[in-house]
Structure formats: structure tokens, C-alpha cells
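Accompanying notes for the structure given below.
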Amino acid sequence: MAIDMKWFDEMEARIPHGEVRTRFAPSPTGYMHVGNLRTALYTWLIARHAGGKFILRIEDTDQGRLVADAVDVIYATMRRCGLTWDEGPDVGGPVGPYIQTQRRDLYGKYAQLLIEKGCAYRCFCTEERLEELRRDDPNAKYDRRCLSLTAEEIQAKLDAGEPYVIRQRIPEGSTTFHDAVYGDITVDNAELDDQILIKSDGLPTYNFANVVDDHLMGITHVVRGAEYLSSAPKYNLLYEAFGWEVPTYIHCASVMFNDPATGTVRKMSKRHGDPSYQDLVAQGYLSQAVVNYVALLGWAPHGDIAEQEFFTMDELVKAFEIEGISKSPSAFDMDKLNYFNATYLRELSPEEFAREAQPWIRRTVKNPAYDTAAIAALLQARCEKLSDIPEKVDFFDALPDYDVALFTNKKSKTNGEVSLEMLKQAYPVLEGLGCWSQDAIHDGLVGLAETLSVKNATLMWPVRIAVAGKAVTPGGAVEICRILGKDETLRRMKLGMEKLQ
RNA sequence: GGCCCGGUGGUCAAGCGGCUAAGACACCGCCCUUUCACGGCGGUAACACGGGUUCGAUUCCCGUCCGGGUCACCA
């Protein structure tokens, strides 16, 4: 089995040099974890900050999934978040293909190369035998029985068609690897198992495929979750075995979830029903708000912008330094995300907000006569997320069956009696208005309050309750009357007076 | 359990030997006001613990405790 070195040389020749290259390598699962999104963001930021390339690679070695849709979810999420890629399955690039299942032939050849170098070996041990080993000692590593097979024995087994895996041969000693966030970490190689590189079905394990692909794609900075920290030494050993340059490792502490329902903090996971990026969008969170918030979950700006919290993508690219990544896990806090989203919502122009809000308003406001833009204007400063909207505007279509007790409000100095009087006074004023505009209604009612020598609230409160039937509404009496229209306003006021009789 | 990593208010966090230990969210007051918001002002609240090193430790070292990760023919 001669090795065709020419082929390897050609692969090497394709690798770009002299620029920062990072990659995001998701498995197409159909949704994007918040933690994954953050990893993607940091990876992208490192590339952009350095003026380098950002690559998208799909790790789909897990077959039996409807990959097509899931990959689309990844594309859509990245696009909505502004994470543009320079190379990837759809746009191609110099070191493709960018889908792992399309690269499966590569790995075997590289594993073979490792065998030649004496850094890997075939293992014919059956699953049963391995289980036995574990039964004797749950913590047992592979006992390397197949390492001592002679060339003849191996050939005989090969000829007999015995299935085998290829294992990495971990050398003696200890391994030190450097992480840009965690610093130098040294482990005793005795702790490391002779991990499997190629499975008996011929496909590579995740760890092996990762190393090979990262090298062949010229990745200079590997950004990943801290859950991979303990397998990092094995990566180093693999790079060393190949004689490849080790990329810069950037491990990011995991994202925890601060569950407001239970008050507990735990690792964020879809399994527990913690929100994914898709869930958040469906709940009416803006991508930019989510991205901005997530950027700060485990990273903080330094220097003269250490206190800055709101960033445009351009500002993030400029500010993002690896040194700012934190070592300790951070909890995803819905309250803080709400704050970010509310702020982004308020910064939208009235037109933009109206466009975003429209579908949510229409969930409960079906009457086409009501102006959604006007309603949206009332909502912009009053919701943290778009999904807050439907409940807030439900009184437009149907006046709730409210309790007369609502007419009583201490601060506004109203009770049932006062309210009835106010409505009686306000009714003819509004009825007599020639123009049903915001100003006309406002001036009419404020003028009346002045005439009656009562504070504005004493008059406004009953009117608002009568027309909205709710204690809390977006906007005040004037705005609501204006949107409801004159006829509906008067009708509701009359109903209010009847209730109070 | 072995190994690895981490530990500043409830949460996100700045700090990188000397500070009254920033700032933000949340919370609580007050102001504004046509309810609620928005906005403005103010407040409560932290260096896990014990040893060192040092003139001096939140900062450096060790231990304890606590939390997380990892020990697959899964990624």
C-alpha cells in the first residue's frame, strides 16, 4: 500500500497562507443554540477584525437527518445576524468542498499517513472486548492490545476482512497546549486514550475530521466551546504527528441559562426548552438586539470603550479583541435581553417600527378602520418584544367587559360618581368636535377640565376607562379616542355612563 | 471518582499590587405625566473561605469549598 505523496502535496499546495482564517463548523440540527450563535459571532468577529476570511463548513457526518432544511436554517440565521462568509458550501472557495460528507475520502488517506509515520495503528478489537475492559474498570482506557500486532498478523486480519478502526497512538510524556483565553495547559499523556480516528465504517470521528479539515482549510484561529478544552491536547498531538502548524485555540466558556421560572442557573440547552435563536425571533426579538446582547455574554470591550454596551456590527468588528473573552461561564439573562431589545425597538424609526409591529397588532386588531401606524406609535416605547403587542391592543376591536370599579382611581381623584359626571360633561364636548384630530380632542378635553376646575387626570381617567375598558393601556384617553373614531368613542362613553348609572 | 477549567452585588461585568471596588440589567424610591411606559434623578447590593508572598492584596502562590467541563466507533 504505497502512499501517493504527490496527492498530499497537492492538498497542501491549495492551503492559503498569510491571512487570518476562521471557520464556523456547525452540525445541521435544524436550529441555532444561543451558545452556537455566540461562537459563530466571535469566530466571525475575529476574522473581520483582522481583515481575514471567515469560512462556513457544514459538519454533517451524522447521517439520517434531513440535512437540506437544517442547512438552510444555518444560512438564514447567519444572514439575519449579518455573519457573512467568504467561503462555504454555497459560494465555494479554494479549499472546498465545504461539506464534510463530500470530503469523506480525505480522512482515510490522512489516517493512513499517520499509520506510516507510526503515530496511529489499526485496532481490530471488537465492541464486546472493549465493553469487557470497561466492565472491569469503568475508567479504563484502551489497553493497546492491537498495538503489538505484527505486520503479518495485521495483514492476515485484513485479508480475512476483519473490521477495524484506526487509533491515534498517544506517546509518552506530557502535552502542553496554549489557549488564547486560558493560557498554557499541560496534561499528562497517560490521561489520554488512544482515541479512534477512523471508525469501522470508514468515516472519521469528529475530532479527526476537525483537525484534518482545519489544516487543509488553512484555519489559523480555532474558536470553540470550552467543552472541548480537555480534548485539545489530543489535537495538539495530532498536529505534531502530521508535522502541521498548530492553530491558535480560543476556547469560550459555556453559556448558562438563568431560568426566570425556576430561578436556577444551568447550562443552556434546547432539551430543557431554553430558547434558541429561532425561538427568540419568533417571540419578537430583533436579530441585532440578540447579537448585540450575545456578544457581551462572555466578552467585554476594554480601554476607553469599556463601558459601551450598544454596538453596531462595524463597531463590534473594530472593538473585538480576543483578550476580552472571559474564562468563566456566563448566564443568559432574559431581563437583560429584554432591555436590549426594548432599546433597539425604540431606536427604530416610527416607520420601521410600524412595519415590524403591524403583523403583531393585526393578531388582535382585525378592524381595518383602525390605523395600525397610529397604534404602533403608541406601542414603540411600551414593549420590550413584539410579542408583547397583541395583548396590549386587544381592546380596540372589542371593549372588554370591565368592572365599574375601574372608574375609581385615587391618584386621579375619581370614583364612580365623579366619573359619571365627567363622562356626562365630556360627551357633548367630544360630540361637538368638528374635527376628530389629536389636537382637537386634546384641546377639547383639557379645556373642559380647566372649565370644570378639575385636574386633567380627573377627566381623562374616566374617559380612558370608558373607551378602553382596561386599567392599563398604551397611550392615553386622547390617543385612544382618536384611533377609535368619533362614533365608536361616543358609543363606548355612553356604555360607560350606563354602567355607572 | 481521575483529569482539566473557573469563582467580583441576583445577572452581565470593569479591575490586571495601593481605587471611597466602575458601569449595565433587575429591584426600590422620587420627579415628569392623561393610565402604563419612555425619560430624568437617587438608593440597596459584591471581591467564596483559610493560609502565605509583600510595606500593602480583589489582583500573585498554596489549600479548602463551591460551580462547570471531560473521560464514546456522538458530534
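We name chains A, B, ... by the order of the sequence lines, and we start the count at 1 in each one.
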Practice item. Answer with yes or no whether the side chains of A:Asp333 and A:Tyr293 bring together a donor and an acceptor at under 3.5 Å. Key: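 Note: A:Tyr293 and A:Asp333 side chains miss the donor-acceptor criterion.
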Review point. Checking all strands, does A:Cys125 fall into the base, sugar-phosphate, or nothing category for heavy-atom contacts under 4.0 angstrom?
Key: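 Touches a base.
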Review point. Just checking A:Leu296: base, sugar-phosphate only, or nothing, at a heavy-atom cut-off of under 4.0 Å?
Key: sugar-phosphate
Could you work out the separation of [N] and [M] based on their [atom1] atoms and round it to a whole Å?
N     : M     : atom1 : result
B:U8  : B:U70 : C1'   : 27 Å
B:U53 : B:U58 : C1'   : 16 Å
B:C74 : B:C16 : C1'   : 40 Å
B:C19 : B:C71 : C1'   : 44 Å
B:C12 : B:C65 : P     : 24 Å
B:A45 : B:A21 : P     : 13 Å
B:G17 : B:C25 : C1'   : 31 Å
B:U59 : B:A72 : C1'   : 41 Å

**Study point:** B:C5 OP1/OP2 closer than 4.0 Å to side-chain N/O of A:Ser328
**Key:** no
Review point. Can you find a side chain N or O atom of A:Lys199 that sits less than 4.0 Å from OP1 or OP2 on B:C74?
Key: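 For A:Lys199, the contact criterion (side-chain N or O under 4.0 Å from OP1 or OP2 of B:C74) is met.
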Distance in angstrom units between [X] [atom1] and [N] [atom2], rounded:
X        : N     : atom1 : atom2 : result
A:Phe332 : B:A13 : CZ    : P     : 13 Å
A:Lys327 : B:C12 : NZ    : C1'   : 18 Å
A:Ile325 : B:C12 : CD1   : C1'   : 16 Å
A:Tyr182 : B:C5  : OH    : C1'   : 6 Å
A:Asn210 : B:C74 : CG    : C1'   : 13 Å
A:Phe177 : B:C3  : CZ    : C1'   : 12 Å
A:Asn341 : B:A26 : CG    : C1'   : 16 Å
A:Arg224 : B:C5  : CZ    : C1'   : 14 Å

For residues 452-460 of chain A, which side-chain N or O atoms pair as donor and acceptor with protein atoms under 3.5 Å away, sequence neighbours left out?
residue	atom	partner	partner atom	Å
A:Lys455	NZ	A:Lys411	O	3.2
A:Thr458	OG1	A:Ser412	O	2.8

With sequence neighbours excluded, tell me which residues meet side-chain hydrogen bond (donor to acceptor under 3.5 Å, both in side chains) with [X].
X        : result
A:Thr43  : none
A:Gln102 : none
A:Tyr235 : A:Asn207, A:Arg224
A:Arg38  : none

Under a 3.5 Å cut-off for both distances, is [N] Watson-Crick or wobble paired, and to whom?
N     : value
B:G29 : B:C41
B:C3  : B:G69
B:C19 : none
B:A24 : B:U11
B:U54 : none

Practice item. Report yes or no: is the cationic atom of A:Lys470 (NZ for Lys, CZ for Arg) under 6.0 Å from the centre of the six-membered ring of A:Phe395, at an angle within 45° of the ring normal? Key: no
**Study point:** Nearest-0.5 Å distance that lies between atom OH in A:Tyr285 and atom CG in A:Leu345
**Key:**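 Between A:Tyr285 OH and A:Leu345 CG, I get 10.5 Å after rounding to 0.5 Å.
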Point to revise | Protein-to-nucleotide contact annotation, 5' to 3' order, nucleotides 28-40 of chain B [B base; S sugar-phosphate only; - none; under 4.0 Å, heavy atom] | key: -----BBBBBSS-
Check your understanding: Tell me, for nucleotides 14-25 of chain B in 5' to 3' order, what letter each nucleotide earns: B for a base near a protein heavy atom under 4.0 Å, S for only sugar-phosphate near one, - for neither?
Key -> SS------BSBS
Point to revise | Atom of A:Ser419, atom of A:Pro462 and distance for their closest heavy-atom approach | key: OG-CG, 3.6 Å
Review point. Picking from B:C4, B:A75, B:G2, which would you name as closest to the side chain of A:Ile185?
Key: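 Ranking B:C4, B:A75, B:G2 by closest atom to the A:Ile185 side chain puts B:C4 first.
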**Study point:** Candidates B:A13, B:C4, B:C73 - which lies nearest the side chain of A:Val165
**Key:**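 So the side chain of A:Val165 is nearest to B:C73.
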Review point. With sequence neighbours excluded, what pairs up with A:Ala377 under the side chain to side chain contact (heavy atoms under 4.5 Å, CB included) test?
Key: none
Revision key, fill the gap. A:Arg129 meets the side chain to side chain contact (heavy atoms under 4.5 Å, CB included) criterion, sequence neighbours left out, with A:Cys125, A:Thr126, A:Leu133, A:Tyr142, A:Asp143, A:Arg145
Check your understanding: Does anything in residues 288-309 of chain A pair up under salt bridge (charged side-chain N to carboxylate O under 4.0 Å, His left out), and if so which pairs, sequence neighbours excluded?
Key ->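 Every pair satisfying salt bridge (charged side-chain N to carboxylate O under 4.0 Å, His left out) with a residue in residues 288-309 of chain A: A:Glu309-A:Lys336.
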Review point. Ring centroid separation for A:Phe407 and A:Tyr402, is it under 6.0 angstrom?
Key: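 Between A:Phe407 and A:Tyr402, the centre distance is under 6.0 Å.
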Protein N or O to nucleotides 59-70 of chain B N or O, pairs below 3.5 Å:
residue	atom	partner	partner atom	Å
B:U70	O4'	A:Ser230	OG	3.1

**Study point:** Distance-only donor-acceptor test (3.5 Å): side chain A:Asn139, base B:G1
**Key:**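 Yes, the side chain and the base share a sub-3.5 Å donor-acceptor pair.
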N/O donor-acceptor pairs under 3.5 Å from side chains in residues 182-190 of chain A, not counting sequence neighbours:
residue	atom	partner	partner atom	Å
A:Tyr182	OH	A:Lys327	O	2.9
A:Asp184	OD1	A:His178	ND1	2.8
A:Thr186	OG1	A:Thr176	OG1	2.8
A:Asp188	OD1	A:Ala190	N	3.0
A:Asn189	OD1	A:Thr175	N	3.2
A:Asn189	OD1	A:Thr175	OG1	2.6
A:Asn189	ND2	A:Pro171	O	3.0
A:Asn189	ND2	A:Glu172	O	3.3

